[in-house]
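Order of the sequence lines sets the chain letters (A, B, ...), proteins ahead of strands, with each chain counted from 1.
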There are 2 protein chains.
Amino acid sequence: MKAEGADQIRQAFQQAGLRCTPQRYAMLQYLAAEPMHPTAEQILRAINRSDPRSSRATIYNNLHALTKAGMVSPVAVNSGPVRYEANRRHHHHFICEWCGELEDIAAREVAYHPRRSQLGGRVVEDFQIVFRGICEKCVQKPRHRGPVCAVTQRGAGSC
Amino acid sequence: MKAEGADQIRQAFQQAGLRCTPQRYAMLQYLAAEPMHPTAEQILRAINRSDPRSSRATIYNNLHALTKAGMVSPVAVNSGPVRYEANRRHHHHFICEWCGELEDIAAREVAYHPRRSQLGGRVVEDFQIVFRGICEKCVQKPRHRGPVCAVTQRGAGSC
DNA sequence: TTATCTGCAAACGCTTTGCATCGGA
DNA sequence: TCCGATGCAAAGCGTTTGCAGATAA
């Protein structure tokens with residue numbers, strides 16, 4: 001996904017009823033251009049690298065605001081710091097058990113398209129598949145170390 | 001799922017090459033009998049309610065040990081404290097966006113049984129579906145408060 | 001007997017919060 | 001102009017760690 005145009009970003013904030021501050025602008029631009037799933041800390045470092053000085057508190061405040069407005073989504077598929085992604089089309093996730101990397105899986109790669117919007121007496125509004133296994137990079141690398149810790153997601157790093 | 005027999009629990013530890021201490025025994029017994037997905041703190045409180053005095057550090061140590069041995073699994077589908085479950089058969093999860101409750105969904109309730117164990121160049125070893133929506137209890141209750149915060153999972157509690 | 005486990009307490013990492021100041025609309 | 005956003009610093013919560021003493025096998 002490419003970076004959005006300047007007007008597009010301003011407009012998005014307007015529609016959400018949020019002020020378009022330099023900090024928010026930088027955050028959304030970064031997240032929309034970024035194929036990774038950065039943590040709050042990574043977002044802070046990335047946007048402070050180029051221009052305005054954002055504070056940690058502002059990053060957290062705005063991640064909440066943007067989440068509430070539906071402009072970004074928290075990705076909480078493993079433990080550790082929460083990761084974020086700009087809202088793209090419906091997709092799933094893959095987690096490498098060796099290097100901990102988190103990748104997107106396009107919905108069309110998966111043959112599951114439930115028709116029912118119910119499950120027992122529950123109303124289902126969304127679903128998301130999390131695959132676990134070994135990523136492409138790790139498959140073709142010799143296994144230096146063991147897999148990452150299933151709880152902390154730390155302990156390896158061979159990718 | 002019912003509580004396991006005493007011998008069964010001792011045996012499980014033996015097979016894993018782990019000592020069967022009173023603390024570990026209580027933890028596994030509790031997790032095997034418990035249909036919830038308790039946090040470390042909840043496990044601590046639950047097992048200290050009945051018998052031996054376990055410490056917080058021991059709970060965390062053992063959750064790692066039991067996870068490494070494949071006897072319990074961390075459930076990290078939302079942010080906040082990590083939740084744990086004893087290893088049962090393959091299943092999925094449902095998260096209520098109103099009360100934050102986490103429920104199991106039996107695999108047979110879901111018509112997705114992928115044949116391939118690959119996804120691009122990746123090796124898939126496991127997958128897990130996370131459904132989001134409104135749980136049975138919340139569906140039939142008037143909506144007192146808004147949904148829980150998507151980041152912190154706090155802010156409601158109507159269930 | 002001894003490697004392993006426990007418990008305490010301190011430290012750590014991530015996140016939230018209170019409050020004074022600032023600035024976009 | 002003024003409500004909402006920012007930044008700082010301190011506190012909060014969940015978790016990890018080091019180490020001395022206890023204990024299952």
| For B:E41, does its backbone N or O pair with a side-chain atom of B:R56 as donor and acceptor, under 3.5 Å? | no

Without decimals, in angstroms, what is the distance between [X] [atom1] and [N] [atom2]?
X	N	atom1	atom2	value
B:Q14	C:dT4	CD	P	16 Å
B:D51	C:dT6	CG	C1'	16 Å
A:I59	D:dC8	CD1	P	12 Å
B:N48	C:dC8	CG	P	10 Å
B:L44	D:dT15	CG	P	12 Å
B:Q42	D:dC13	CD	C1'	14 Å
B:Q153	C:dT16	CD	P	11 Å
B:Q11	D:dA24	CD	P	20 Å

| note | Residues joined to A:M36 in its hydrophobic cluster, side chain to side chain under 4.5 Å directly or through other members, sorted by chain and number, are none

| request: Under 4.5 Å between side-chain heavy atoms, chaining through other members, with only Ile, Leu, Val, Met, Phe, Trp and Tyr counted: pull out the rest of the cluster around B:F127, sorted by chain and number. | output: A:F94, A:I105, A:V110, A:Y112, A:L119, A:V124, A:F127, A:I129, A:F131, B:F94, B:I105, B:V110, B:Y112, B:L119, B:V124, B:I129, B:F131

Between [X] and [N], is there a side-chain N or O to OP1/OP2 distance below 4.0 Å?
X	N	value
A:Q23	D:dG7	yes
B:T21	C:dT6	yes
A:T58	D:dG7	yes

| query | So what does A:T39 touch, heavy atoms closer than 4.0 Å: a base, only the sugar-phosphate, or nothing? | reply | nothing

| Has B:Q14 got more than 12 heavy atoms of other residues, nucleotides or ligands less than 6.0 Å from its CD? | no

Ignoring the backbone of [X], work out which of [options] is nearest its side chain.
X	options	answer
A:L18	D:dT16, D:dA5, C:dC14	D:dA5
B:S55	D:dT16, C:dC8, D:dA9	C:dC8
A:A40	C:dA25, D:dT17, C:dT15	C:dT15

| task | Kindly state which residues belonging to residues 60-69 of chain A come within less than 4.0 angstrom of DNA chain D, counting heavy atoms of the residue only, listed by number. | result | A:N61, A:N62

| When hydrophobic residues are tied together by side-chain contacts of less than 4.5 Å, even through go-betweens, does A:I9 share a cluster with A:I59? | yes

| message | Taking B:L18 as the starting point, is it possible to reach B:I47 by hopping between hydrophobic residues whose side chains are less than 4.5 Å apart? | response | yes

| request: Could you check B:G17 against B:A57 and say which one's nearest nucleotide on DNA chain C is further toward the 5' end? | output: B:G17

| message | Check this for me: does the side-chain of B:R24 come within 3.5 Å of the base of C:dC5 through a donor and an acceptor? | response | no

| query | Could one point to a donor on the side chain of B:R19 or the base of D:dT23 with an acceptor on the other under 3.5 Å away? | reply | yes

| Between A:D104 and A:H93, does any side-chain donor sit less than 3.5 Å from a side-chain acceptor? | yes

| Residue closer to the 5' end of DNA chain D, A:R56 versus B:P22 (nearest nucleotide) | A:R56

| query | How many angstroms lie between NZ in A:K137 and CZ in B:R122, if you round to the nearest 0.5 Å? | reply | 11.5 Å

